[in-house]
Amino acid sequence: MVFLNLALKSLKNRMYTSLLTVLAIALSVVLLLAVERARRAAEDGFTQTISQTDLIVGARTGPVELILYTVFNIGNASHNISYTTYQEIKKHPAVEWTIPYSLGDGHHGFRVVGTNLDFFNHYRFRGNSKIELAEGKVFSGLWDVVVGADVAKKLKYKIGDKIVVAHGVTRTEGVHKHDDKPFTIVGLMAATGTALDQSLYVSLEAIEGLHKEPQDEHHGEDDHDHNHHEESQIKIESVTAFFLRTKSRIETLQLQREINTYKDEPLLAIIPGVTLNELWRSLSYLENVLKVISWLVVGIGFMAMLIALTTSLNERRREMAILRAIGGSTQQILFLLIFESTLLTLSGVTLGILVSMAVITVMRPWLEVEFGFYLVGSAFSRSEMIYLAFILLAGVLVGFIPALRAQKISLKDGLSVNT
Amino acid sequence: MEHLIDIQGLKYRYQTAQQETLAISEFRVEKGESIFLYGPSGSGKTTLLEILAGILKPQKGVVKILGQDLSAKSETERDQFRGEHLGYIFQNFNLIPYLSVRENIELPIRLSARRRSRIDFGKLENIISDICDRLGILSVLDRRVTELSIGQQQRVAVARALVGQPDLILADEPTSSLDMDHREKFLNLLFDLCKQYGASLLFVSHDRSIQHMFSRTVFLSDINKITP
Ligand SMILES: Nc1ncnc2c1ncn2[C@@H]1O[C@H](COP(=O)(O)OP(=O)(O)OP(=O)(O)O)[C@@H](O)[C@H]1O
Ligand SMILES: [Mg+2]
C-alpha cells in the first residue's frame with residue numbers, strides 16, 4: 001500500500017508529464033483498435049457480401065471471375081447458361097431456393113441486372129440482412145426497374161422517373177442505346193453497403209427482350225411501342241448465373257460435384273464463402289499494411305512513455321536517493337518505478353478503450369450511411385484482447401528501462417542533486 | 001565490550017578530488033554517548049557521517065557500527081543496516097516534497113520491515129503523535145512538507161530519524177536554522193527523546209556555544225590526519 005500511495009502522489013506531483021504519457025498511450029490504443037476494427041469490418045464486409053447462398057453457379061470459368069461478376073459487379077461472363085439447365089438444377093431435390101442472375105446491360109456506368117422476385121425474397125448479406133426497399137415496390141411489369149441506393153443517390157432518381165437502358169457497362173461502351181425503351185422506376189432499394197447498391201434490377205424477361213431487340217429491328221420502325229414485347233411473348237433462353245441454397249449444408253458439396261460434372265453444358269459451382277476467403281487472403285498485403293501502421297503507432301506511444309519516464313527519473317534522482325537513504329531497498333525502488341509505469345499503461349489502455357468505444361458509438365451511423373462501412377462483429381475480438389495484453393506487458397517492460405538505470409545512480413550523487 | 005562506533009585506519013577520497021578528505025586512524029564511540037563533532041566548513045563532517053551511515057564506502061579501513069563491519073557489506077546490506085539501526089538527520093533535511101508530514105515521518109517504518117519490527121506497529125499513530133507533540137509539529141501533521149517553515153521542516157526530519165527507535169542518531173547541523181532560545185529547547189528535547197528511545201547521538205555542528213550540553217566533544221581535525 002505504501003507503494004500505491006507513493007506512486008499515486010508522485011504521479012500527481014508530476015501531473016502534466018503523467019497526463020501526457022497516459023494520453024500518448026491512450027491515443028495509440030485508440031488508433032490500434034480503430035485500425036484493427038476497420039480491418040475486421042473490411043474483412044467481414046468483404047466475406048459477408050453475400051451470405052446464406054451455398055453455391056453460385058455459372059458457365060465454366062475461374063471461381064474468382066464468377067464471384068467477381070456476380071457479387072462485385074466486376075468483369076463480364078464469357079458465356080451464359082441455358083434456361084433449361086437452370087430449370088433442371090432448380091428442380092433438384094436438394095435445392096431449397098435459387099435466384100437467377102442475368103447480366104449485361106449498363107446504365108450510366110451502373111449495371112442492369114435481370115432477376116426475379118426470389119432475389120428480393122431470398123438474397124441475404126452480412127448474416128441475415130435482406131434487401132429492403134426504401135421507397136416504392138418491387139418490379140412487376142416488363143418495364144419496371146428497381147434501383148440500388150448508390151444509383152439513386154448518384155443519378156438523383158426518384159419513383160416514377162423514366163430511364164433508358166443501354167448495352168455494355170460503361171458510358172463510352174453504351175453505343176447501342178435502347179433509347180426507345182424507357183423503363184419506369186418503381187422501387188428504390190435501401191443502402192446495403194455492398195455492390196448491390198450499384199445496380200439496377202429488372203425482370204429476366206426485360207433483359208431477354210433487350211438482347212433480342214437487334215434481331216427484331218427488321219420488323220420495321222412503326223412496330224416500336226411498349227407493347228411490342230409482352231412478357232408472355234418473351235421466352236427466356238438463358239441466364240448468366242444463379243445463386244442457390246441447399247436444404248441442408250451436407251448436400252452442398254454433393255450438389256457442387258454434380259453441377260461441376262453436368263453433362264449437357266460446362267458449368268461451375270462455387271461455394272461463395274470459400275472463394276471470398278481466398279480472395280481476401282490474396283489481398284492480405286492490405287491487411288498487413290494496416291497492421292504495420294497500427295504497431296508503429298503503438299511503438300511511438302511507448303517511445304513517448306519511455307521519454308516521459310526517463311526525464312521524470314532524472315528529475316527524481318533525489319527522491320529515489322532519499323527513499324534509499326531512509327531504509328528503502330533498491331528492489332523496492334525498482335518495484336516502485338515499474339509499478340508507476342504499469343499504472344500509467346493501465347490508465348492509458350483503459351482510457352483508450354473507453355475513447356474508442358465512444359468514437360465507434362458516435363461514428364457508427366455516419367460510417368454506415370456515408371461509406372457503407374459496417375462495423376459488424378463483437379466490440380473486442382480475441383486478437384484485440386491479445387494486442388491489449390501485449391501493450392500492457394510492453395508498458396511494464398518499458399518501466400524496467402528507467403528503473404534499471406535508477407539502480408546505477410549512486411546514493412551520494414542522488415542526495416547531492418539540488419532541487 | 002562492543003563499541004557503538006569503531007573506526008580503524010579509515011581513508012576516504014572523493015573520486016574527483018586530488019587528495020583524501022578523511023584519514024582517521026582510530027575513532028570510537030560507546031553506547032549511550034552524545035558526541036558533539038565540530039570542525040570548519042568543508043573539513044569533512046558530512047563526509048564522515050555519510051560513511052558511518054553507509055552512504056559512502058571508504059577506500060581503506062574498517063568501519064564497525066554495533067560490531068558490524070560496514071566496509072565488508074554490500075550496498076544492499078548497507079541500505080538494510082541503515083534502515084534498521086540508524087536515524088539520519090540530513091543537513092538539507094531530504095524530505096519528500098509531495099508527501100504530508102505524517103507520510104514523511106512514517107516512511108522509514110513502511111519501507112523497512114526490520115525497522116517496523118522494532119516498534120509496536122499498531123501504536124504507530126501514537127508514537128508519531130507523541131514525537132510530533134514534543135517537537136511542536138503536531139498541528140501540521142497533515143500538511144504537505146513544502147508548506148512548512150524551514151525550522152518546522154528540520155523538526156520533521158528529526159521526527160523521521162527518531163521513529164522506529166534507532167540505535168544511533170546521526171545529526172548533521174539540525175540547529176542551523178533555529179535561534180538561540182529554540183536551539184537549547186530543541187537540544188534538550190532531542191536528548192530526552194534519545195534517552196527515551198535508548199539512542200546514542202553523533203551531532204555535527206560548528207556552533208560551539210552548545211557543546212557543553214554533550215557528553216563528549218570531538219574536533220574533527222584532531223582525529224582526521226590527512227597527509228597531503
Ligand atoms: N560529492 C563530492 N565530490 C567531491 N568532493 C566533495 C563532494 N562532497 C564534498 N566534497 C568535498 O569534501 C570536503 C568535505 O565536505 P563535507 O561536505 O564533508 O564538509 P563539511 O565539513 O560537512 O562542511 P559544512 O560544514 O559546510 O557542511 C569539501 O572540501 C568538499 O568540497
Ligand atoms: Mg556538512
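Remember, it's a predicted structure, so these values are computed and weren't measured experimentally.
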- Is Arg14(A) salt-bridged to Glu340(A), cutoff N-O under 4.0 Å? yes
- Task: Check whether Gln332(A) gets within reach of chain B through its side chain, its backbone, both or neither, counting any heavy atom under 4.5 Å.
- Result: side chain
- Asp167(B) with Arg118(B): basic N within carboxylate O range, under 4.0 Å: yes
- Item | Interchain contact, Tyr14(B) with chain A, by part (heavy-atom threshold 4.5 Å) | side chain
- Query: Which of the residues Arg110(B), Arg78(B), Arg115(B) is involved in the greatest number of heavy-atom pairs with chain A at under 4.5 angstrom?
  - Reply: Arg110(B)
- Query: Which atoms of Glu106(B) come close to chain A, meaning under 4.5 Å heavy atom to heavy atom: side chain ones, backbone ones, both, or neither?
  - Reply: neither
- Hey, is the main chain of Glu173(B) close enough, under 3.5 Å, to the side chain of Gln91(B) for a donor-acceptor pair? no
- Query: Could Arg37(A) and Glu384(A) be called an ion pair, given the rule that one side-chain N must be under 4.0 Å from one carboxylate O?
  - Reply: no
- With a 4.5 angstrom heavy-atom cut-off, which part of Phe90(B) approaches chain A: side chain, backbone, both or neither? side chain
- Query: Would you call Lys45(B)-Glu50(B) a salt bridge at under 4.0 Å N-O?
  - Reply: no
- Portion of Leu95(B) that has a non-hydrogen atom of chain A nearer than 4.5 angstrom: backbone
- Note on the structure: In terms of heavy-atom pairs under 4.5 Å with chain B, the winner among Lys12(A), Gln331(A), Lys412(A) is Lys412(A)
- Item | Lys/Arg N to Asp/Glu carboxylate O, Arg114(B) vs Glu84(B), below 4.0 Å | yes
